[in-house]
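Only one structure is covered here, and it is reproduced in the block below.
Chain naming here is simple, since letters A, B, ... match the order of the sequence lines and numbering starts at 1 in each.
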Amino acid sequence: MNDQEKEKAPDASTTTRPSDFIRDIIAHDLKEDKYGGRVHTRFPPEPNGYLHIGHAKSICLNFGVAAENPGGLCNLRFDDTNPIKEEAEYVAAIKADVRWLGFDWGDREYYASDYFGTLYEYAVKLIRRKLAYVDDLTADEIREYRGTPTEPGRNSPYRNRSVEENLDLFRRMREGEFPDGSRVLRARIDMASPNLNLRDPVLYRVLHAAHHRTGDAWCIYPMYDFAHGQSDSIEEITHSLCTLEFENHRPLYNWFLDALEIYHPRQIEFARLNLSHTVMSKRKLLALVRGGHVSGWDDPRMPTLSGLRRRGYTPAAIRAFCERIGLAKRDSLVDMALLEHCLREDLNRRAPRVMGVLGPLRVVIENYPEDKEESLEAINNPEDPGMGTRQVPFSRVLFIERDDFMEDPPKKFYRLAPGREVRLRYAYFITCVGVVKNDAGEVMELRCTYDPATRGGDAPDGRKVKSTLHWVAASRAIPAEVRLYDHLLSKDDPADDKNGGDFKDVLNPRSLEILKPCYLEPSLVDASPGSRYQFERLGYFCVDPDSSEDQVVFNRSVTLRDTWAKIQKAGTKK
RNA sequence: UCGGGUGUCGUCCAAUGGUAGGACACCAGUCUCUGGAACUGGCUAUCUAGGUUCGAAUCCUGGCACCCGAGCCA
C-alpha cells in the first residue's frame, strides 16, 4: 500500500457531520438518555465473499456514526453461523478492505461463533419456558406446514413435546446422534402469524461440518435469525443498523430478546445501495467470476472494494461517495457517474500529471536536428504547486495521439490538421506540413516543423494556438499496456429483468479494451503497482499489479470530462 | 390475495404546517499551455383523488404504483 492508502478517515472534529434520519434518531435517543449516553454500532459481514461498494455504505455509516459521537464505538463482527459457506480467507480479505477504507475497530473484533455456547444456553432457556421445541418434520414438510402469505400455517405434530423430551432431544442433537436434516429446534410462536418469520422459525439445524473457527466442536449451528439479534445484545450494541429486508425480522428479534429477557438494542433499517450499470448481490458477482466474465473478485470492473482498489479508486473517494448518496428508506439506483465524479474530485487534487500516448501516431519534426535531445520542464500538478516540476525529453521523432489529428477536420475539431499549428504541451508550437500514408491510405506518420522561438510553449510574438497536445519523445518512450474499462453492464438497471431476462444478457462486450503498445514519458520508469497518475487530457490511470520488469500495465480508473467526445457523440446521433 | 415498507427534478438526498433546496447529470457561457480543473447562468419535481387549514410535500380519508416476506441462507 502506498501512502495514499494509509491515510485514515478523518475524525469527527474535522468533518462536517452528515445528517440523515438515522443520525437524527440517534441524536434523539442520546437526548432522551436511552442508552446511558452510549453510541455503539457494529459492522456485521458474513465471511462468505468479498466486500463491495454497498458494504462500504454500511461501513461508513456504522463507523461514521460511532466516530461522530463522543465515546462512540463500532465493532467488527463476523456473522459466521453457516460453516458450509464461510472461510477464514474471506475474514482476512474483509478485514483488509475495512482497514483500507480507513476504519479501525481497535480490539473489538468479534464473531458470532464466539457466542455459540451462550446461544446454546439461550436455546435451552427457551425450551424450559416451553417456547421452543425439537421438530422431526423434514425440510419439505416444514415448508408445507408453513402456509403461504395468504393462508395460515399448521402446527407441527411435534409442537407439543414435553420440556424433558425437548431437552433430551436437543442435547442429543448437539452430541451428534442425528444426521444432517433429521431434526431442528424451532421457536414456538404462532403458525398463523401474518409475518412469516413468526411461524415457528428454525433456531438450530444439524450440520456435521467443520467451522473455520470452532472446528469440530459443534455439529449443530444456530440460524442467522437466532444469532444476529442476540449477538448485538451480547455486545450491548445501542443501534443495530441494517438493510430494509430485515424489517420483517425485527418483530422476531424483539420476541427473542423479550423471551430471553436480555439487553435490547434498537434496530433501524435503511435502503441498500444500488449502482447503475453494475450488480451488487454476492450471488450475481459470484456468477460473473465463475462464468469467466471477469478475471476475478478484484477485476477492475467489479464493484467490489478489491476491484475498485485495483481500478485506482481511493478510499477517500469512496468515503466521499458514501456521504453524498445519503441515507433513506426508499429503493434507489445511484448513477455511477456520481462515483466517478468523486474519484475525479479526489484525484484532481492529488494525482501527479504525466504524458502518455494511448494511440500512437509518429511525428517527425523536419527542422529539428537528428541527434539533438533537450530537456523541458513540466508541472507535476497545476492544482498543487507544492508537487513541483519534472523534466521531460524532447527529440526529433515523437508520438502524439492518433485522435489528435484529422486530415479533413470538421468545424469544431481544433487539434492538429494539415497546415495547422498547435502546441505540444510544455514544448514547442508545431505545424503539420505533410502526411505519410501507406498503400491502404492509412495515415502512418506526420511531417511537421517546429518554431524554436516557442520553447516551453509560449510564443514571444503572442500568437495564440487553438489547441495543446500531449506527446512523448519516441527515443525515450516507455512502452506499456493500458487497459480501458467501461461499464460492466450496458443497461443502467439490471434488476429491471421482468421478462425472465438475465443480467448476463446485458453484459457490455466492450467493458474491457486492451491497448498495446502505448508510449509513456520516461519519468514513469519506477512507477510501482497502485500508483495513480493523471495522463494529461485522457484521465486517471493506476499501475496494475500485473506489471512486470519488461511490461508496465496501467488501468484507466476514470476518464477526464471530455467535451470533445460529447460533441462527437452529439454529431453522430444527428 | 395477507403482513411489513416506500412514493419529491433525469438520478440521489433535503425541506419535521410557512419562499420546494443541494449534489450528480444535462444545456449555455467565462477562463485556460489539459476540449481538464475552476467559475457563472439555465433546465426540470411533491404518485393520484378528495378533505382539514389563512396556508399542506408535510395532517386525515380513499385509490394507484413499486420494494420485501412462504431457506434447515445471511
**OP:** Counting Watson-Crick and G-U wobble pairs whose two distances are both under 3.5 Å, find the runs of 3 or more in a row that involve RNA chain B.
**Re:** B:2-7 with B:64-69, B:10-13 with B:21-24, B:26-30 with B:38-42, B:47-51 with B:59-63
Original post:
Contact class for A/P44 vs. all strands (heavy atom < 4.0 Å): base, sugar-phosphate, or nothing?
Top reply: nothing
Original post:
According to a strict under-4.0 Å criterion, is A/R146 in side-chain N/O contact with OP1 or OP2 of B/G69?
Top reply: no
**OP:** Take the angle between the ring planes of A/Y120 and A/F170 and call it parallel below 30°, perpendicular above 60°, tilted in between.
**Re:** parallel
**OP:** With heavy atoms under 4.0 Å as the rule, sort A/H228 into base, sugar-phosphate or nothing.
**Re:** nothing
Original post:
Is there a donor N/O on one and an acceptor N/O on the other, under 3.5 Å, for the side chain of A/Q534 and the base of B/U34?
Top reply: yes
Original post:
B/C68 P sits how many Å from A/N248 CG, rounded?
Top reply: 11 Å
Subject >> A/Y90 and A/Y50 aromatic centres sub-6.0 Å >> reply: yes
Subject >> Under 4.0 angstrom between A/R250 side-chain N/O and B/G4 OP1 or OP2 >> reply: no
Original post:
Within the pair A/H470 and B/U34, is there a side-chain N or O less than 4.0 Å away from OP1 or OP2?
Top reply: no
Original post:
How many Å lie between CD1 on A/I142 and C1' on B/C72, as a whole number?
Top reply: 7 Å
Subject >> Donor/acceptor link under 3.5 angstrom from A/E383 side chain onto base of B/G36 >> reply: yes
Subject >> Side-chain N,O (A/R537) to OP1/OP2 (B/G35) below 4.0 Å >> reply: yes
Subject >> B/G35 base / A/R415 side chain donor-acceptor hit below 3.5 Å >> reply: yes
Subject >> A/R283 vs B/A74: side-chain N/O to OP1/OP2 distance below 4.0 Å >> reply: no
Original post:
Between atom OH in A/Y426 and atom C1' in B/U32, what is the gap in whole Å?
Top reply: 12 Å
Subject >> Euclidean distance, atom NE2 of residue A/H208 to atom C1' of B/C72 [Å, nearest integer] >> reply: 13 Å
Original post:
Are OP1 or OP2 of B/C72 and a side-chain N or O of A/T138 less than 4.0 angstrom apart?
Top reply: no
Subject >> Sugar-phosphate or base contact per nucleotide [nucleotides 9-15 of chain B; S, B, -; heavy atom under 4.0 Å] >> reply: --SSSS-
Subject >> Salt bridge A/E374-A/R455, side-chain N to carboxylate O under 4.0 Å >> reply: yes
Give every donor-acceptor pair under 3.5 Å between a side-chain atom in residues 334-344 of chain A and any protein atom, sequence neighbours left out.
| residue | atom | partner | partner atom | Å |
| --- | --- | --- | --- | --- |
| A/D335 | OD1 | A/A337 | N | 2.9 |
| A/R344 | NE | A/T559 | O | 2.7 |
| A/R344 | NH2 | A/T559 | O | 3.3 |

Subject >> Short side-chain N/O contact from A/T81 to OP1 or OP2 of B/C73, under 4.0 Å >> reply: no
Original post:
Say you pick atom C1' in B/C59 and the same atom in B/U52; how far apart are they, in whole Å?
Top reply: 8 Å
Original post:
Where the side chain of A/Y224 is concerned, which of B/A74, B/G36, B/C2 is the nearest nucleotide?
Top reply: B/A74
**OP:** Determine the interplanar angle of the A/W471 and A/F394 rings, folded into 0 to 90°, and report it as parallel if under 30°, tilted if 30 to 60°, perpendicular if over 60°.
**Re:** perpendicular
Original post:
Using the ring of each side chain (for Trp, its six-membered ring), is A/F246 parallel, tilted or perpendicular to A/H249, with breaks at 30° and 60°?
Top reply: perpendicular
Original post:
NA contact type, A/L137, heavy-atom cut-off 4.0 Å: base, sugar-phosphate, or nothing?
Top reply: base
Original post:
So, is B/G71 syn or anti if syn means the angle is within 90° of 0?
Top reply: syn
Original post:
Within a strict 4.5 Å, meaning less than it, do heavy atoms of the A/D403 and A/W564 side chains meet?
Top reply: no
